[in-house]
Engineer: 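First the structure, which I've put down as structure tokens, then a few questions once you've had a look.
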Amino acid sequence: MFTSYGFVGFILLLFLLYYLIPKRFQWMLLLAASFGFYFMAGTFYPLFILTTSLTVYAAGRKMGSYDSERDRYEQAVKNGDLPKPSREEKKAYKKRINQKKKRWMLLCLFLNLGILAVLKYTNFAIDNINIVLRQTGAHALPYADLILPMGISFYTFQAVGYLLDVYWNKCEPQKNIFRFMLFVSFFPQLIQGPISRYSDLKETLYQEHSFDWKTVRFGLERMLWGYFKKLVIADRIGAAVSMLMEDPDYYTGAFVFIGMLFYAVQLYADFTGGIDITIGIAQVFGIRLEENFIRPFFSKNIAEYWRRWHITMGTWFRDYVFYPFSISRPLKAVTSFCKKKFGMAVAKRAAVYISTMIVWLATGIWHGADWHFVAWGLTNGVIILISGELAPLYERFHARFPFLERNTLYRAFQVVRTFSLMCCIRLFDNYGSVRTSIRQFVHMFTQFDIQAVTKQELLDLGLTASDYTVLAFGVAAMLFVSLAGRSGRAREKVAKWPYALKFSVYVLLFFAVLLLGNYGIGYDARQFIYNQF
């Protein structure tokens, strides 16, 4: 939807109105625009996001009222208006308040995650039940005809994060229902994130914004760069990726390796391009969103990679799944059992291992209702745990050869190793089948024949020689921007260039999008890969 002509017109009109109307109405305009945008995406979509907004808002306000009740009670005791309670009475009172808060939190949590689970995973569950029924000769269950609203995983997680922050007293509940609805439904984020925290987004979302040319210019530059990555690179190379993955029996061996690399380029350009557009749109309106990528392909290990890739999702699972589960009663019981039976070392590992695998199982399922996503998530978790176990060995190795840490070739080896490993794990995503992915991974080594990759074979993937030239320049441009961003924001550096050079780069980028964008005949905006989530 971001890449449709209608959306560009929508943004232009909204931009004009935003800076013409009285500033106190700006956030209201964004709320109306957000629900209008969601209505255009699907007639019934606003009902789902409205349900989430209202229920989470109500639960947050109710939990806030219990906190206020406790504060009034403590203040009355402090002022002498109420008799000073005993230690046991004070403890019992706080327990009652926390239990009331917990009931509201759990009710709202189960409702909203339940809606997400039913809409997104019902047919996946039916599909697996039918496998068992067919084995027994029973009739298969019919599939459910359910609506899956655009971006439901993103806005649900964002709302749930707010709910838990209020429950843990990390933020005050928003009193204005319409302001809260804007937080949940802010339209640039609905496509593919980032997943914002209320305490961060509220700082600029509700402020009054005056027109500032530098801020608007930076936002437009970010959008232009995002459109370049999406339309010129991702959508162009996507044609070849589709052919390579749709015919795994023919495109095997060396073509698996090529498909792996092509998909890495496509996914990076597509996802980061969409995030660039999202952050750029928000910046045009004076609103700051969190960065979601920090040069992930320069990571030296898989744990570092996930601290740089889809950052807001990773921190969400860390803060709202890993930490709470690691200190939960069931896990404490497991840890206690392991400590008694196997010692403290095993007990500590049990807590980390179980929490990590729960997080990565949830991450895989969040990405999609299919077993290949589960396999993808669990594989990431296993490799991260193995890397953690090998950490002492790495430390001893680096201590013995300290010069390697400063060696450019060794650092390049670490980067290439991590990139290759992540590409291999993404084979589960590439082929959409656990069996096919494993088979293709094996064939990449056992049937590798570089001579099979002829010029004609590459041209038969749906790309012309000109397409490959454009892609080469596009990938080089992304690499240049990433390298430039290591010592500061690339846009800040470009802003210091001579005006003529700077203007020429903008014009070149604009016409590259306009002329080289992979629109195709009868162009219809290609969906971003992460739209499905």
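The figures that follow rest on heavy atoms only: side chains count, while hydrogens, waters and symmetry mates do not.
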Engineer: Does any non-hydrogen side-chain atom of M223 lie less than 4.5 Å from one of T278?
Structural biologist: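 The answer is no; the side chains never approach within 4.5 Å.
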Engineer: Determine whether S482 and Y268 make a side-chain contact, defined as any pair of heavy atoms from C-beta on separated by less than 4.5 Å.
Structural biologist: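 Yes, close enough: below the 4.5 Å cut-off.
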Engineer: So Y57 and F180, would you call those rings parallel, tilted or perpendicular, with 30° and 60° as cut-offs?
Structural biologist: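 Rings of Y57 and F180: tilted, as their planes differ by 30° to 60°.
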Engineer: Between E89 and R96 (salt bridge meaning N to carboxylate O under 4.0 Å), is one present in this structure?
Structural biologist: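 Result for this pair is no, no salt bridge flagged.
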Engineer: Quick one: does Y198's side chain get under 4.5 Å of V166's, heavy atoms only?
Structural biologist: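 Y198 does not reach V166 side chain to side chain.
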Engineer: What are the two closest non-hydrogen atoms of C108 and A59, and how far apart are they?
Structural biologist: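 Minimum heavy-atom separation between C108 and A59: CB-CB, 3.7 Å.
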Engineer: On the 0 to 90° scale, with breaks at 30° and 60°, tag the Y18-F285 ring pair as parallel, tilted or perpendicular.
Structural biologist: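 Ring orientation, 0 to 90° scale: perpendicular.
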Engineer: State the CG-OG distance between L116 and S153, to the nearest 0.5 angstrom.
Structural biologist: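 Going from the CG atom of L116 to the OG atom of S153 covers 4.5 Å.
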Engineer: Would you say the side chain of V216 lies within less than 4.5 Å of the side chain of Y19, judging by non-hydrogen atoms?
Structural biologist: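 The answer is yes; the side chains approach within 4.5 Å.
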Engineer: Looking just at side-chain N and O atoms, do N112 and T52 make a donor-acceptor pair shorter than 3.5 Å?
Structural biologist: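 Result is yes, a qualifying pair exists.
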Engineer: Can you give me the closest heavy-atom contact between T156 and I152, atom names plus distance?
Structural biologist: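 Looking at all heavy atoms of both residues, the closest pair is OG1-O, 2.6 Å.
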Engineer: Which class fits the ring pair Y499 and F503: parallel under 30°, tilted 30 to 60°, perpendicular over 60°?
Structural biologist: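 Parallel, since the angle between the ring planes stays under 30°.
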Engineer: Could you check whether any side-chain N or O of N123 sits under 3.5 Å from a backbone N or O of A144, counting only pairs where one atom can act as donor and the other as acceptor?
Structural biologist: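 Checked: pair present.
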Engineer: Dump the intermediate steps for side chain to side chain contact (heavy atoms under 4.5 Å, CB included) on F298 and L479, then the final yes or no.
Structural biologist: CA-CA 10 Å; F298 289 93; L479 180 61; 3.8 Å; yes
Engineer: Would you please classify the geometry between the F7 ring and the F187 ring as parallel, tilted or perpendicular, with 30° and 60° separating the classes?
Structural biologist: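 F187 and F7: perpendicular rings.
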Engineer: Do D370 side-chain atoms and F373 backbone N/O form a donor-acceptor pair below 3.5 Å?
Structural biologist: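 No; zero donor-acceptor contacts below 3.5 Å.
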Engineer: Check the angle between the aromatic planes of W168 and Y320 and answer parallel, tilted or perpendicular using the 30° and 60° thresholds.
Structural biologist: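 Geometry flag for Y320 against W168: parallel rings.
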Engineer: Is the closest basic N to carboxylate O distance between E304 and R308 below 4.0 Å?
Structural biologist: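 Yes, E304 and R308 are salt-bridged.
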Engineer: If I compare all heavy atoms of G286 with all of T204, which pair ends up nearest, and what's the gap?
Structural biologist: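 Between these two residues, the closest heavy atoms are O-CB, 3.9 Å.
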Engineer: Step by step, would you call K102 with L106 a side chain to side chain contact (heavy atoms under 4.5 Å, CB included)?
Structural biologist: CA-CA 6 Å; K102 190 173 185 178; L106 290 176; 3.9 Å; yes
Engineer: Regarding D67 and K101, does a basic nitrogen lie under 4.0 Å from an acidic carboxylate oxygen?
Structural biologist: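 Looking at K101 together with D67, the answer is yes, because their closest N to O distance falls below 4.0 Å.
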Engineer: Taking the side chain as every heavy atom from C-beta outward, state whether W306 and I311 have any pair of such atoms under 4.5 Å apart.
Structural biologist: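 No. Closest side-chain heavy atoms not under 4.5 Å.
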Engineer: Classify the side-chain pair D71/Q75 by whether it contains a donor and acceptor separated by less than 3.5 Å.
Structural biologist: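 The criterion, which ignores hydrogens and geometry beyond distance, is not satisfied for Q75 and D71.
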Engineer: Does atom CD of E172 have more than 12 heavy-atom neighbours from other groups under 6.0 Å away?
Structural biologist: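 Result for CD/E172: open.
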Engineer: Does the gap between the ring centers of F228 and W225 come in under 6.0 Å?
Structural biologist: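 Yes: the rings meet the under 6.0 Å criterion.
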Engineer: Can you tell me how far CG of L20 sits from CD of Q26, rounded to the nearest 0.5 angstrom?
Structural biologist: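 If we round to the nearest 0.5 Å, Q26:CD and L20:CG are 10.5 Å apart.
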Engineer: Would H310 and F271 count as a close aromatic pair, with their ring centres under 6.0 Å?
Structural biologist: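 Here the rings of F271 and H310 have centres that are less than 6.0 Å from each other.
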Engineer: Is the shortest heavy-atom distance from the side chain of T363 to the side chain of M313 under 4.5 Å?
Structural biologist: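 Result yes, sub-4.5 Å side-chain heavy-atom pair found.
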Engineer: Is a side-chain donor or acceptor of R236 paired with a backbone partner of L516 at a separation under 3.5 angstrom?
Structural biologist: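 Indeed, once roles are kept as given, a pair shorter than 3.5 Å links the two residues.
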Engineer: May I ask you to check whether over 12 heavy atoms, not counting those of K23, lie within 6.0 Å of atom NZ?
Structural biologist: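 Result for NZ/K23: open.
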Engineer: I'd like to know if the side chain of Y38 reaches the main chain of L47, judged simply by a donor and an acceptor atom lying under 3.5 Å from each other, with no hydrogens or angles considered.
Structural biologist: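 Side chain of Y38 to backbone of L47: no pair is present.
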Engineer: Between T272 and K229, is there a side-chain donor-acceptor contact under 3.5 Å, judged purely by atom types and distance?
Structural biologist: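 There is such a pair between these side chains.
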Engineer: Using a strict 4.0 Å threshold on nitrogen-to-oxygen distance, state whether R426 and D429 make a salt bridge.
Structural biologist: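 The answer is no: the pair does not qualify as a salt bridge.
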Engineer: Got a sec: does the CZ of F211 have more than 12 other heavy atoms crowding it under 6.0 Å?
Structural biologist: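 Counting neighbours around CZ of F211, more than 12 heavy atoms of other residues, nucleotides or ligands fall under 6.0 Å, so yes.
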Engineer: Please round to the nearest 0.5 Å and tell me the distance separating atom CG of L14 and atom CZ of F37.
Structural biologist: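 Here the interatomic distance stands at 11.5 Å.
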Engineer: Where the side chain of Q207 meets the backbone of H209, is there a donor-acceptor pair that is under 3.5 Å apart?
Structural biologist: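 No; zero donor-acceptor contacts below 3.5 Å.
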Engineer: Working note: F297 + T418, criterion side chain to side chain contact (heavy atoms under 4.5 Å, CB included); need CA distance, chi angles, decisive distance, verdict.
Structural biologist: CA-CA 8 Å; F297 289 156; T418 304; over 6 Å; no
Engineer: Quick check: F154 with W366 (ring centres under 6.0 Å apart)?
Structural biologist: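 That pair passes the under 6.0 Å test.
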Engineer: Within the side chain of S299, is there an N or O that forms a donor-acceptor pair under 3.5 Å with the backbone of P296?
Structural biologist: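 A pair under 3.5 Å: yes.
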Engineer: Shortest non-hydrogen contact from Y506 to R217?
Structural biologist: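 Here Y506 and R217 meet closest at OH-NE, 4.4 Å.
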Engineer: I'd like to check E291 versus I275 (side-chain heavy atoms, cut-off strictly below 4.5 Å). Are they in contact?
Structural biologist: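 No, too far: nothing below the 4.5 Å cut-off.
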Engineer: Nearest 0.5 angstrom please: T315 OG1 to D319 CG, how far?
Structural biologist: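 Result: 6.0 Å between the selected atoms.
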Engineer: So, do F317 and F322 have ring centers that fall under 6.0 Å from each other?
Structural biologist: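 No, ring centres 6.0 Å or more apart.
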Engineer: What pair of heavy atoms forms the shortest contact from I365 to Y121, and how long is it?
Structural biologist: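 The answer is O-OH, 2.6 Å.
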Engineer: Is there a donor in the side chain of S196 and an acceptor in the side chain of E290, or the other way round, less than 3.5 Å apart?
Structural biologist: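 No - no donor-acceptor pair under 3.5 Å links their side chains.
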Engineer: Which atom pair, heavy atoms only, marks the closest approach of I287 to L30?
Structural biologist: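 Heavy-atom minimum between the residues: CD1-CD1, 3.5 Å.
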Engineer: For F39 together with Y45, are the ring centres under 6.0 Å from each other?
Structural biologist: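 Distance test on ring centres: not under 6.0 Å, no.
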Engineer: Quick check for you: to the nearest 0.5 Å, what is the distance between W104 atom CH2 and K62 atom NZ?
Structural biologist: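 If I round to the nearest 0.5 Å, the distance is 5.5 Å.
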Engineer: Checking side chain to side chain contact (heavy atoms under 4.5 Å, CB included) for the pair Q174/F183: CA distance, chi angles, key distance, verdict?
Structural biologist: CA-CA 10 Å; Q174 171 58 250; F183 163 72; over 6 Å; no
Engineer: Between R288 and D200, does at least one N-O distance fall below 4.0 Å, as a salt bridge requires?
Structural biologist: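 Salt bridge: no.
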Engineer: Do Y263 and I237 make a side-chain contact, defined as non-hydrogen atoms from C-beta onward lying under 4.5 Å apart?
Structural biologist: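 Not in contact.
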Engineer: Find the distance between CG (L182) and CH2 (W27) and round it off to the nearest 0.5 Å.
Structural biologist: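 It comes to 7.5 Å.
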Engineer: Would you mind checking if R197 and D165 are paired as a salt bridge, meaning a charged N to carboxylate O distance below 4.0 Å?
Structural biologist: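 No salt bridge links D165 with R197.
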